[in-house]
Protein chains: 2
Amino acid sequence: MAGVALEHAILVSLLEQPGSGYELARRFDRSIGRFWTATHQQIYRVLKRMETDAWVTAEEIDQDGRPDKRRYSVATPGRAALTTWLREPVQPETVRHELAVKIRGAAFDDAAGRAALISEVERYRADHETTLSRYLAGEQRDFPDAAELDDGQRLQHVVLRGGIDYERMVLAWLDDVLDTLHNLSR
Amino acid sequence: MAGVALEHAILVSLLEQPGSGYELARRFDRSIGRFWTATHQQIYRVLKRMETDAWVTAEEIDQDGRPDKRRYSVATPGRAALTTWLREPVQPETVRHELAVKIRGAAFDDAAGRAALISEVERYRADHETTLSRYLAGEQRDFPDAAELDDGQRLQHVVLRGGIDYERMVLAWLDDVLDTLHNLSR
DNA sequence: TCATGCTATGAAACTAGTTGCATATCAACT
DNA sequence: AGTTGATATGCAACTAGTTTCATAGCATGA
């Protein structure tokens, strides 16, 4: 039970704003995706289980000009399950940093492989540059006046600042990586 | 094929130093674990598959005072597979940041829940403080003189610096989180 | 002698997550 | 009329990862 967290990420997202599986999938590509990734298939499957367990309730919405959708809201048992989970210890993070593996692996590749890695790091760096810009734009848009925020917004803001800090750290480190790769002896 | 990376993390680790499944598991708790986590069961299973595929070869080692072990080394097909993988594009990271979910979830919990979260963040912070100390001690031990390093060591060092940067960023952010949690209105 | 603990490997069952495919509505453009 | 693209949901098969349990050698200390 402890580690099963997609349910809980969905509960938080639905408490912030009820929505359909499709909308959740888009949020997981945007804001929630900063700290929890999930595909739409996984989201639909988990939503179905959560509905069976009465953690959420669904409401059929007829839409003009679009297919119907099912809007989910958090029910009392779901909210209780979230509270229980919130008070459990945070599990140690499981890190999967593929680029770090490739950097150490570069010791066992030739000059062509290292050149390829440098290009790849540059592309990767550009992606993170884009992500940082997106976060900063989102911060301007959603949290323009720090004094005017309610508690929920303050908590969302501090998580966003974590994303911004992370991206800045990554960019600085990637510069260090590029410098190291350019200055290898062979 | 692209995302299957535990094999490749194992290949890098075995190229840096041949070893048994048990030794690999310990490395994955230590140095490699900085950027790729894995349990011993997963490592044993993957090693078996890699042996079947002739990516690695095993050698039975009789040990005095300890159970026998199987020392694995990377074979030519494994090295070729690593080279192929190294030149593939880096997959986007899949982020799973449970603490961030709990922080946003705190908006839907009461004062007691927030107090529990503050304690949890403090404990989490202490863990990261320990991790940073361990990294810094490892840096002193393994890379005392930056001018004397060969390419493999330089690459290992830049990855370790990434870990150090990450831990420092996390600690600063956790201070921000604690400050935010202490200053919520209700 | 017995308990504890580290070394060392592994099976079996389960849970989580990914990939590929399928279906359907409707808008906008060609 | 046909294509493209966004919205919207879902199944089936597969792959990856976790958890629980089991086994065994040998050292150390109570």
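Just so it is clear: chains get the letters A, B, ... in the order the sequence lines come, proteins before strands, and each one is counted from 1.
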Trainee: side-chain hydrogen bond (donor to acceptor under 3.5 Å, both in side chains) for A:T83 and B:D109? Distances and angles first, verdict last.
Mentor: CA-CA 6 Å; A:T83 303; B:D109 203 348; 4.6 Å; no

Trainee: If the test is salt bridge (Lys or Arg N to Asp or Glu O under 4.0 Å), which one of A:E59, A:E23, A:E60 qualifies with A:R71?
Mentor: A:E59

Trainee: Separation of B:L24 atom CG from C:dT9 atom P, in whole Å?
Mentor: 9 Å

Trainee: Indicate yes or no: at least one non-hydrogen side-chain atom of B:Y72 is less than 4.5 angstrom from one of B:E51.
Mentor: yes

Trainee: What is the ring orientation for A:W173 with A:H97, classed by angle as parallel under 30°, tilted 30 to 60°, or perpendicular over 60°?
Mentor: perpendicular

Trainee: To the nearest Å, give me how far apart CZ (A:R49) and C1' (C:dC14) are.
Mentor: 12 Å

Trainee: Under 4.0 Å: is that the gap between some side-chain N or O of B:Q63 and OP1 or OP2 of C:dT7?
Mentor: no

Trainee: Is it the case that the side chain of A:E120 and the backbone of B:V90 share a donor-acceptor pair, with hydrogens and angles ignored and the cut-off at 3.5 Å?
Mentor: yes

Trainee: Find the bend of the helix from C:dT1-D:dA30 to C:dT30-D:dA1 as the angle between its two terminal axes (five pairs each), to the nearest 10°.
Mentor: 10°

Trainee: For D:dG10, does OP1 or OP2 lie under 4.0 Å from any side-chain N or O of A:Y44?
Mentor: no

Trainee: Please check if the side chain of B:D165 supplies one atom and the backbone of A:V170 the other of a donor-acceptor pair under 3.5 Å.
Mentor: no

Trainee: Quickly work out the B:E60 CD to C:dG10 C1' distance and round it to whole Å.
Mentor: 14 Å

Trainee: A:R96 has a side chain; which of C:dA8, D:dG10, D:dG17 sits nearest to it?
Mentor: D:dG17

Trainee: Of all the nucleotides listed (C:dT9, D:dT9, D:dG25), which has the minimum atom distance to the side chain of A:K69?
Mentor: D:dT9

Trainee: Using a cut-off of strictly less than 4.0 Å, decide whether B:Y22 has a side-chain nitrogen or oxygen near OP1 or OP2 of C:dT7.
Mentor: yes

Trainee: Once you round it to whole Å, what is the distance between P of D:dG10 and CG of A:L47?
Mentor: 9 Å

Trainee: Does B:R45 put a side-chain nitrogen or oxygen below 4.0 Å from OP1 or OP2 of D:dA16?
Mentor: no

Trainee: Find the distance B:D62:CG to C:dT7:C1' and express it as a whole number of Å.
Mentor: 15 Å

Trainee: Would you say a side-chain N or O of A:K48 is under 4.0 Å from OP1 or OP2 of D:dG10?
Mentor: yes

Trainee: Nearest-nucleotide wise, let me know which of A:T39 and B:H40 is further upstream toward the 5' end of DNA chain C.
Mentor: B:H40

Trainee: When the nearest nucleotide of DNA chain C is assigned to B:E23 and to A:Q42 on a heavy-atom basis, which residue is associated with the more 5' position?
Mentor: B:E23

Trainee: Within less than 4.0 Å of OP1 or OP2 of C:dT9, is there a side-chain N or O belonging to B:S20?
Mentor: yes

Trainee: With a 4.0 Å cutoff (strictly under), does any side-chain N or O of A:Q41 reach OP1 or OP2 of D:dG10?
Mentor: no

Trainee: Please verify the inter-ring angle class for B:H40 with B:Y44; under 30° counts as parallel, over 60° as perpendicular, anything in between as tilted.
Mentor: perpendicular

Trainee: Rounding to an integer number of Å, can you tell me how far A:I61 CD1 sits from D:dT9 C1'?
Mentor: 15 Å

Trainee: Should side-chain heavy atoms under 4.5 Å link Ile, Leu, Val, Met, Phe, Trp and Tyr, which residues sit in the same cluster as B:L171?
Mentor: B:L132, B:Y135, B:L136, B:F143, B:L149, B:L160, B:I164

Trainee: What is the distance, rounded to the nearest whole Å, between atom CD of B:E98 and atom P of D:dT18?
Mentor: 13 Å

Trainee: Can you measure B:Q91 atom CD to C:dT19 atom C1' for me and round it to whole angstrom units?
Mentor: 12 Å

